[in-house]
Structures are given as C-alpha cells and as structure tokens.
Amino acid sequence: MENLADLKTLLASPKRIAIVTHFKPDADALGSSLGLSRYLKKKGHTVAVVTPSDFPEFLEWLPGSEEVVALSKKTDEPMKKAIRAFQEAEIIFCLDFSNLARIHDLAEIVKMAPAKKVMIDHHLEPEPFAHFKKWSVQAASTAQLVFELINELGGRPEVDADIATCLYAGLMTDTGSFRHNNTTAREMALASELIALGANPSEIARLIYDVNTPSRLRLIGYALYKNLVVLPESSTAYITISQADLKMFNAQTGDMEGLVNYGLSIKGIRLAALMYDRGEEIKISFRSLGDFSVNDLARKHFNGGGHKNAAGGSSKLTLEQTLKKFLDLLPLYQESLPPNS
Ligand code: 5GP
Ligand code: MN
C-alpha cells in the first residue's frame, strides 16, 4: 500500500468502521471481512460488517457471522442499519471487489459516504474509488491481502485462532483447495502460517465442503445428467439451469457453488460456463484453462469480470437468449478454443 503510513495514523485511535463485501459473498469475501473485523475490534474500533445480500448457510459457522448486517428482500431493517453504518463510518473497507456494481444497491451509498475508503482486492481492472488500495492480482485470495495488511500495521500479535480460521477459509476456497494455478509457494506458506496460528484445515474443509443437503446433491446430479452440454468443436462445456429446475430442488444460496468446475474437469475442455436463472437476472459463471481470458469475456459481454481463469457476470435477457448470446460469441474465440480431438 502506497500510503500505509496515513492509514496507520488513521487507525491509531478508535474509529467507526464499516466493512462491505460483494453480493452473494463467498468464503473469501466473508472470511476476509470477518477476519479483518475481529482484528479491528481487538484494536478498539467499532465495526459493522455489511453484505449486499444473504450468504450461503455453509458459511454461518464462520466466527462473527452472526453479527453481519445482511441485506434481505424480505425486510428493510438491515438496509436501514447499513445506511446508518455507512453514513456514520469514518473508514469503509471494501473487501474482495473493486467494481462498485458488485455491491448492487449499496454502490451509491458507499460511493457518496463521507468515510475514507480502503479497497482490499485481487480482481482485475479495479475502479478508482478508494483512498487506500491493497490490491494485487497476484494474490490468490483477498484473505491473504488482509493478513498482509494486518502484518504491515504491526497487528500480528492480534491474529488469534478465529482470525486465522476466517482467513484460511478464504485462502482455501479461492485456491480451489490449493489446486488452482493461483496456488504458489506463497499461498502454501501462508496456509502453514495460519494453521500454526490456530486454523484447523480438516475441520474448515469439512464445514465448507461436507455439508451438502440431499436436494443439493440431487440438483447437481440432475444438472450434470440433463443440462450439461459438451461442444468438442470449441473445447467448451456449459450447464444451464432454469428457475423451474431450481424450484424443483428447492435450491438455496450457495447451492450452485463449484458446479461450473465439473465442465472444466472434462478432458480437453478449455472453457466452461454455468448459467442459472435467479429470477431478477441470469447469473453466469465462467472458468477457463490457459490463456483464454474469461475476465475479458465476462467484462465485454456479460456485465461482469473477475480473474483470467475464473470470472462471473449476469444478463437481463432470458436464459435461452443468454445462452444464444454465449453460443454466438464462441466462433469469435475460435483461435483460443480449437477443436478438441
Ligand atoms: P463465481 O463464478 O464463482 O461467482 O465467480 C468467479 C470470480 O468472478 C470470482 O472472483 C468473483 O468474485 C468474480 N465475479 C463473479 N460474478 C461477478 C460479476 O458479476 N462481476 C464481476 N466484476 N466479477 C464477478
Ligand atoms: Mn476472492
């Protein structure tokens, strides 16, 4: 961080702080927010963590998650709390996103809030809305950037087992359990450090991955059996899921997590997509192998972005129209997606 000394000065006395992360937060978004929140509270600050939507049930065990102000379609109480938190905050930390559109209804509120903003993120092509930036695309997770910042602030002695657990959850999931190509010696060293500080790797993996409901497994089975389409001529695989499908299996927030990876696990496939109908919009996930940038694809055509090999977006078209748009784009990328023999 360029102006670290200024941030240190700002944090030298107790402040009112709000932390916000992206819509439908994943373990990195929520883990880094809760880890940072606990650290800041230990330093004497008053902290509110706000999420622009609900979050998956499999993250409810994260230490501190019960204090999260999660916006809800059912009641506007959390929105009132969130507005107050942002208006009163002297510092707003923006974690695991760098495009304001990713916090949906909170974008304008955060942008206009009088607080100093601190962005901590690892996504491509950030927007310039923050006074302080801890940003690196080389980092596999936002959690590790939070850990680095805590160290830079001299806060290492404050990192307890709960903070280490929250950060490990983010690191583990954003590296795909240390399998993705963002896993380097740095990530492994950090994992080791967090374990030494009290994170329990098998317990965290179990709490995040081994908590399927029968209906989620059946939804995955159904989607793979009925809705997976493989296009060997463009090394592409995709899955579409309609609202009726989601209803049939009573799908919950987070149930779709990881499903896109099945497409990419097929031998020879270099691009995988998942499109599902959330009702208000079609949510899209992309994954790729090698040089094909799904960040470019999502940003140019689907209102989104992310990383080179993992990105997401959305569409206001119908599911069928969204799929057609995607299929019509494939020939443009023929060179990077050669037929798979
Ligand atoms: P997922 O497909 O798992 O939802 O997301 C893959 C990656 O893309 C994650 O790093 C996520 O933060 C990012 N991402 C997902 N959806 C969007 C989106 O709508 N806009 C942007 N800018 N990034 C997204
Ligand atoms: Mn992340």
Side-chain angles (χ1 to χ4, degrees), residues 19-36 51-53 55-56 58-59 93-105 107 119-127 129 134-148 166-177 180-183 187 190 208 238-239 241 253-264 271-276 278 280-288 293-316 322 326:
I19 299 176
V20 60
T21 188
H22 61 76
F23 190 79
K24 299 283 174 186
D26 53 17
D28 189 34
L30 204 61
S32 52
S33 298
L34 292 173
L36 178 65
T51 60
S53 70
F55 51 84
F58 64 76
L59 296 180
F93 281 89
C94 298
L95 262 56
D96 202 39
F97 72 93
S98 41
N99 294 108
L100 283 167
R102 297 217 60 206
I103 54 173
H104 292 211
D105 295 346
M119 176 229 285
I120 308 180
D121 184 47
H122 65 139
H123 291 97
L124 290 162
E125 302 180 52
E127 268 169 19
F129 65 85
K134 176 85 185 160
W135 176 84
S136 168
V137 278
Q138 260 77 52
S141 63
T142 295
Q144 73 201 66
L145 294 174
V146 166
F147 187 65
E148 261 179 47
C166 288
L167 300 182
Y168 185 93
L171 176 67
M172 178 189 78
T173 52
D174 264 28
T175 54
S177 302
H180 297 335
N181 65 358
N182 57 9
T183 309
E187 280 67 31
L190 176 62
I208 288 187
Y238 68 86
I239 296 172
I241 304 183
T253 296
D255 276 0
M256 240 48 71
E257 198 113 348
L259 187 53
V260 63
N261 293 314
Y262 284 98
L264 205 65
L271 170 63
L274 166 71
M275 300 172 201
Y276 61 95
R278 263 185 190 157
E280 69 268 31
E281 62 180 17
I282 308 299
K283 161 73 187 156
I284 310 166
S285 283
F286 293 118
R287 298 293 185 269
S288 67
S293 169
V294 284
N295 170 61
D296 288 348
L297 179 69
R299 210 166 275 272
K300 276 196 197 126
H301 305 286
F302 297 100
N303 210 16
H307 311 285
K308 191 169 101 179
N309 297 126
S314 59
S315 152
K316 293 283 183 194
T322 306
F326 171 69

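When a ligand or atom number is given, it counts from 1 through the structure's own listing order.
Scanning the protein for heavy atoms near atom 19 (O) of ligand 1, the closest one is Gly313 CA, 3.6 Å. Remark: minimum distance from atom 10 (O) of ligand 1 to any protein heavy atom is reached at His123 NE2, 2.7 Å. Protein heavy atom closest to atom 7 (C) of ligand 1, with residue, atom name and distance, is Ala310 O, 3.6 Å. Closest protein heavy atom to atom 20 (N) of ligand 1: Gly304 CA, 3.4 Å. Protein heavy atom in closest approach to atom 18 (C) of ligand 1: Gly312 O, 3.5 Å. Here the heavy atom of the protein found nearest to atom 23 (N) of ligand 1 is Gly305 O, 3.0 Å. In terms of protein heavy atoms, atom 3 (O) of ligand 1 is closest to Arg287 NH2, 2.8 Å.
When Leu100, Ile103, Val20 are each tested for a side chain to side chain contact (heavy atoms under 4.5 Å, CB included) with Cys94, only one passes: Val20.
Not a single heavy atom of Ser314 sits under 4.0 Å from any atom of ligand 1. Assignment of His122 to the shell around ligand 1 is not supported, since no heavy atom sits closer than 4.0 Å. Under a 4.0 Å heavy-atom criterion, Glu257 is not in contact with ligand 1.
In this pair, His307 and His123 present their aromatic rings parallel. The plane angle is below 30°, not in the 30 to 60° band. Aromatic ring orientation, Phe286 versus Phe302: tilted (interplanar angle from 30° to 60°).
Polar contact check, Arg102 against ligand 1: a nitrogen or oxygen pair lies under 3.5 Å apart. The shortest N or O to N or O distance between Ser285 and ligand 1 is under 3.5 Å. Not one N or O of Ile284 is nearer than 3.5 Å to an N or O of ligand 1, by distance alone.
Remark: the backbone N or O of Ser293 is not paired with any side-chain donor or acceptor of Ser288 at under 3.5 angstrom. In this structure a side-chain-to-backbone donor-acceptor pair under 3.5 Å is missing from His22 to Arg102. In this structure, the side chain of Asp28 engages the main chain of Thr142 through a donor-acceptor pair within 3.5 Å.
Which parts of ligand 1 touch His307 is read off a 4.0 Å heavy-atom cut-off, strictly below it: atoms 10 (O). Applying the 4.0 Å criterion to heavy atoms of Lys283 picks out, from ligand 1, the atoms 4 (O), 15 (C), 16 (N).
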Query raised in the report: Going through the checks in order, is the side chain to side chain donor-acceptor pair (under 3.5 Å) test met by Asp174 and Ser141?
Result: CA-CA 6 Å; Asp174 264 28; Ser141 63; 5.8 Å; no
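No side-chain heavy atom of His104 sits less than 4.5 Å from a side-chain heavy atom of Ser53. Between Leu145 and Asp121, every side-chain heavy-atom pair lies at or beyond the 4.5 Å cut-off.
Minimum interatomic distance between Leu59 and Pro25 (heavy atoms only, all atoms of both residues): CD1-O, 4.0 Å. In terms of heavy atoms, Val146 sits closest to Leu167 at CG1-CD2, 4.0 Å.
Within 6.0 Å of atom CZ in Phe129, more than 12 heavy atoms from other residues, nucleotides or ligands are found, so the atom counts as buried in its surroundings.
Counted by atom type alone, Thr322 and Ser315 present one or more donor-acceptor pairs between their side chains at under 3.5 Å.
The number of protein N/O/S atoms found under 2.8 Å from the Mn ion (ligand 2) is 4.
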